[in-house]
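All values below come from the heavy atoms of this structure, side chains included, with hydrogens, waters and symmetry mates left out.
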Amino acid sequence: MNESISILSIFLLVNMTLITSTCHAQNRSDYPWEEMMENLSISDEEGDTRNWENELEELTDLVNNPVNINSATKEQLQRFPFLNDVQIENLLAYIYIHGSMQTVYELQLVEELDRQTIQYLLPFVCVEPVDKKESVTLKQILKYGKHEAVTRMDVPLYKRKGYEKNYLGPAVYNSVKYGFHYQEKVYAGIVAEKDSGEPFGALHNKQGYDYYSFYLLLHDIGILKTGIVGNYRLNFGQGLVLGQGSMFGKTAYSSSFTFRSTGIRRHTSTDEYNYFRGSGIALKWKQWTLSVFYSHRSLDGVIKGGEITSIYKTGLHRSEKEADKMNQLTMQMSGGNISYTGNSYQLGITGVYYCFNRSYEPELKDYSKYNLHGRSFYNLGMDYKYRFHRFSIQGEAALGISGMAFMNQVLYSPLQDIRLMLVHRYYSHDYWAMFARSFGESSSVQNENGWCLSGEITPSRYWKLFASIDLFSFPWWKYRISKPSQGVDGMFQSLYSPKRNLSMYVNYRYKRKERDVAGTDGKVILPTYQHSLRYRLTYSPDHLQLRTTVDYNHFHSQGQERSQGYQFTQSCSYAFSFPIKISVQGTYFHTDDYDSRIYASEKGLLYTFYTPSFYGQGFRFSACVRYDVNKVFMFLVKFGQTIYEDRENIGSGNDLIQGNKKADLQIQLRIKI
């Protein structure tokens with residue numbers, strides 16, 4: 001699991017009697033944020049894997065620069081994914097009615113803020129007198145701005161087949177990131193990366209690194225809400241038009257079901273695909289906010305007969321074949337958003353137009369015959385939010401050059417310790433929206449209808465129960481489903497935390513979907529059933545943290561052979577009295593096949609998140625050592641090795657590894673001034 005989560009972006013598990021009213025450094029536990037990020041980071045069945053680097057860096061900024069709760073705005077509070085709209089409104093109302101808080105003890109008096117939510121919030125906020133706003137000058141920026149540089153190197157202790165003749169560069173991975181910020185007003189940074197197998201300063205990478213990114217962002221200066229030049233991301237409404245990098249998904253946390261409209265954000269990660277490159281500006285006047293943006297960037301792909309036949313999203317340029325796809329097409333995008341925010345409601349309109357330099361004509365198979373193709377496209381969406389007492393509703397309706405999409409959500413809290421949420425979505429089978437991402441069973445906002453009901457209850461200060469059921473259908477074919485289909489996804493979790501340093505939970509998930517039977521060419525389609533059970537125990541006495549995880553998966557289809565898998569993971573972290581922290585973890589896994597695979601998250605480097613999947617039989621061991629030399633230098637080393645007992649080789653094709661062992665060494669250095 002990512003070390004940055006454990007150090008920089010997790011809630012504070014402390015007894016309220018130990019809380020002070022100042023913004024001093026706080027102890028941070030690994031537990032709840034780990035669970036949410038772990039669930040969100042698991043790939044879906046279509047192979048879509050999210051890169052959470054941007055989110056982790058933003059959480060890092062919030063912990064290093066806690067928000068003064070007495071002057072916090074709704075926009076600032078919406079950056080915390082664990083706060084719902086009702087809680088945000090109640091917190092702002094408390095400050096408005098009672099005046100500035102004198103101590104964080106007062107968070108217990110805010111309606112709807114339960115014990116766990118307060119623990120989530122503590123690392124990110126402080127209580128201080130409200131200072132008068134001062135004008136931002138270049139002298140202040142240069143004098144008080146903060147600098148951070150991070151470099152990372154991954155050294156594989158094995159050799160893939162591709163390095164024998166196909167891969168053009170060394171196996172070492174390297175990235176360099178530099179960031180500068182002044183309060184929450186000015187941000188600037190540059191990112192450079194070379195993937196394993198890519199050449200450095202040679203062949204198609206004569207400029208040095210394979211990927212470069214930069215940004216300059218100004219925030220909250222006069223009527224300027226946001227201004228950016230460089231690489232950026234966009235999130236508006238419910239994500240039906242523009243949804244890049246927001247936290248949402250089906251987890252055992254009701255807050256993860258909510259889409260956050262964050263507007264224009266900087267792109268700080270090494271993700272080489274999910275970003276825009278150009279400029280954007282957001283102006284705020286009274287209750288109105290106007291955002292406009294433009295992007296012009298190159299994309300990897302394949303050109304045949306003067307047409308784009310595929311868009312390459314991995315960012316890998318290791319072989320000549322991959323290098324030939326580099327920067328083969330260009331895409332322009334322009335658009336805007338205008339929103340009005342009232343006392344209890346918000347309305348917004350988002351529009352975007354984008355086009356390629358030539359027609360995009362991918363090979364459309366039966367299941368993808370309604371997918372996006374052509375040269376120019378547009379999307380237009382209208383979103384809303386409204387709060388009435390204990391009700392909060394929000395949604396968006398969108399259309400494009402083809403199809404339409406709707407998403408609506410109702411949150412109701414009949415009592416302080418009970419929350420109910422209903423989410424409905426309708427994404428037509430022919431809706432085209434290249435940058436959309438919102439709540440759903442699949443990764444794309446297309447070809448899906450569904451109703452999801454979830455409930456969260458805190459019967460006592462020690463117990464928290466969560467349950468959800470999602471009934472979904474696909475109006476048209478999907479990958480490996482040669483007909484319209486439907487399914488069910490249910491989840492239940494019981495969390496028990498009797499002490500400040502002891503917690504445990506049991507999570508059960510049931511999923512039923514339909515799938516083509518292998519070897520029948522789609523003529524035989526049967527339902528599949530998957531049961532997943534997890535138990536996790538976390539104990540954190542003083543500087544030690546022990547975490548035990550047991551998983552069991554069961555998968556079967558009618559008339560087909562059943563498969564099952566299980567894993568046992570034990571991790572141990574310890575922070576010495578001197579500035580060294582160590583973490584070790586061991587996993588034993590045993591699964592019958594890929595369908596019964598398991599996931600085992602582990603601590604990683606700063607701003608990264610690692611949750612690999614395993615199938616077959618074997619062991620996984622990792623060890624991570626972090627040394628904070630002083631306030632300026634931080635050095636981190638991680639070693640990991642996987643040993644399979646059921647195979648002689650790992651992988652296939654260019655990624656084939658001779659032998660049953662795979663080991664990696666990762667090194668990271670951070671400098672903060």
- prompt: Are the side chains of N408 and I393 in touch, meaning some heavy atoms are under 4.5 Å apart?
  reply: no
Heavy-atom check, side chain of E128 versus side chain of N70, under 4.5 Å: no
- prompt: Is there a donor-acceptor pair closer than 3.5 Å between any side-chain N or O of E396 and the backbone N or O of L240?
  reply: yes
query: Do M333 and L234 have side-chain heavy atoms sitting under 4.5 Å apart?
result: yes
- line: Smallest heavy-atom separation, G381 atom then V241 atom, equals N-CG2, 3.7 Å
message: Do Y427 and Q446 pair up side chain to side chain, a donor and an acceptor below 3.5 Å, judged on atom types alone?
response: no
Side chains of R233 and N274 in contact at under 4.5 Å (non-hydrogen atoms): no
query: Atom CD in Q108, atom OG1 in T103: separation rounded to 0.5 Å?
result: 9.0 Å
- request: Report the residues that fulfil side-chain contact (heavy atoms from CB on, under 4.5 Å) with Y426, sequence neighbours left out, ordered by chain and then residue number.
  value: M404, F406, H424, S428, N449
Set of residues satisfying ring pair (Phe, Tyr, Trp, His ring centres under 6.0 Å) with respect to Y215, sequence neighbours excluded: none
Sequence neighbours excluded, every pair satisfying salt bridge (charged side-chain N to carboxylate O under 4.0 Å, His left out) that has a member inside residues 488-498: K250-D489, D489-R509, D489-K511
- prompt: At what distance, to the nearest 0.5 angstrom, does OG of S71 lie from CD of Q76?
  reply: 6.5 Å
- prompt: Side chains of I338 and W288: does their closest heavy-atom pair fall under 4.5 Å?
  reply: yes
query: After noting the C-alpha distance and the side-chain angles of R297 and Y275, does the key distance pass the side-chain contact (heavy atoms from CB on, under 4.5 Å) rule?
result: CA-CA 9 Å; R297 58 164 300 195; Y275 67 88; 3.4 Å; yes
message: Please enumerate all residues that pass side chain to side chain donor-acceptor pair (under 3.5 Å) together with Y94, with sequence neighbours excluded.
response: E106
query: Can we call the ring centroids of Y354 and F377 under 6.0 Å apart?
result: yes
task: List the steps and the verdict of side-chain contact (heavy atoms from CB on, under 4.5 Å) for Y496 and S494.
output: CA-CA 7 Å; Y496 177 55; S494 175; 5.6 Å; no
- line: Taken to the nearest 0.5 Å, the spacing of I223 CD1 from T289 OG1 works out to 11.0 Å
field: Rounded distance [0.5 Å steps], NZ in K146 versus OH in Y182
entry: 11.0 Å
Atom of L216, atom of A188 and distance for their closest heavy-atom approach: CD1-CB, 3.9 Å
field: Nearest atoms (heavy-atom pairs only) where S438 meets V445
entry: N-CG2, 3.5 Å
- request: Show the numbers, then the answer: is there a side-chain contact (heavy atoms from CB on, under 4.5 Å) between S344 and F388?
  value: CA-CA 7 Å; S344 59; F388 179 72; over 6 Å; no
task: Determine the minimum heavy-atom distance between N68 and P129, stating which atoms define it.
output: ND2-O, 3.4 Å
field: Pairs involving residues 337-352, ordered by first then second residue, that meet salt bridge (charged side-chain N to carboxylate O under 4.0 Å, His left out) (sequence neighbours left out)
entry: none
- request: Check side-chain contact (heavy atoms from CB on, under 4.5 Å) between T226 and all other residues, then give those that pass, not counting sequence neighbours.
  value: L217, H219, I264, A282
message: I'd like to check the ring pair (Phe, Tyr, Trp, His ring centres under 6.0 Å) partners of Y384; sequence neighbours left out, ordered by chain and number.
response: none
message: Tell me whether Q238 contacts the main-chain N or O of D383 through its side chain, where contact means a donor paired with an acceptor under 3.5 Å.
response: no
Side-chain heavy atoms of E184 within contact of D220, under 4.5 Å: no
field: Approximate separation, where rounding is to 0.5 Å, of E148 CD and L606 CG
entry: 8.0 Å
- request: Answer yes or no: is there a donor N or O on one side and an acceptor on the other, between the side chain of Q287 and the main chain of W285, under 3.5 Å?
  value: no
- prompt: Stepwise, does the side-chain contact (heavy atoms from CB on, under 4.5 Å) test hold for V191 with T268?
  reply: CA-CA 7 Å; V191 179; T268 61; 5.5 Å; no
message: Check the orientation of F474 and F472. Use parallel for under 30°, tilted for 30 to 60°, and perpendicular for over 60°.
response: tilted
Ring pair (Phe, Tyr, Trp, His ring centres under 6.0 Å) partners of Y462, counting only residues at least two apart: none
query: How about L471 and L453: do any of their side-chain heavy atoms sit closer than 4.5 Å?
result: no
task: Applying side-chain contact (heavy atoms from CB on, under 4.5 Å), name anything that partners K464, two or more places apart in sequence or on another chain.
output: D114, Q116, R419, E456, T458, L495
field: Approximate separation, where rounding is to 0.5 Å, of L107 CG and L113 CG
entry: 6.5 Å
message: Could you tell me if the side chain of Y505 sits less than 4.5 Å from the side chain of S503, heavy atoms only?
response: no
task: Check the surroundings of atom NZ in K499: do more than 12 heavy atoms from other residues, nucleotides or ligands lie under 6.0 Å from it?
output: no
query: Do T350 and N337 have side-chain atoms, one donor and one acceptor, less than 3.5 Å apart?
result: yes
task: Report yes or no: is the cationic atom of R425 (NZ for Lys, CZ for Arg) under 6.0 Å from the centre of the six-membered ring of F439, at an angle within 45° of the ring normal?
output: no
- request: May I ask you to check whether over 12 heavy atoms, not counting those of M382, lie within 6.0 Å of atom CE?
  value: no
message: Going by the rule ring pair (Phe, Tyr, Trp, His ring centres under 6.0 Å), which residues pair with F276 if we only count those two or more places apart in sequence or in a different chain?
response: Y232, F435
statement: side chain to side chain donor-acceptor pair (under 3.5 Å) filter on H98, not counting sequence neighbours, yields none
task: Identify the heavy atoms of N231 and S213 that sit nearest to each other, and give their distance.
output: ND2-OG, 2.8 Å
Contacts of R390 that satisfy side-chain contact (heavy atoms from CB on, under 4.5 Å) - sequence neighbours left out: E111, E112, Y412, S413
- line: In terms of heavy-atom contacts, F293 and G351 come closest through CZ-O, 4.4 Å
task: Would you please say whether a donor-acceptor pair under 3.5 Å links the side chains of Y294 and Q332?
output: yes
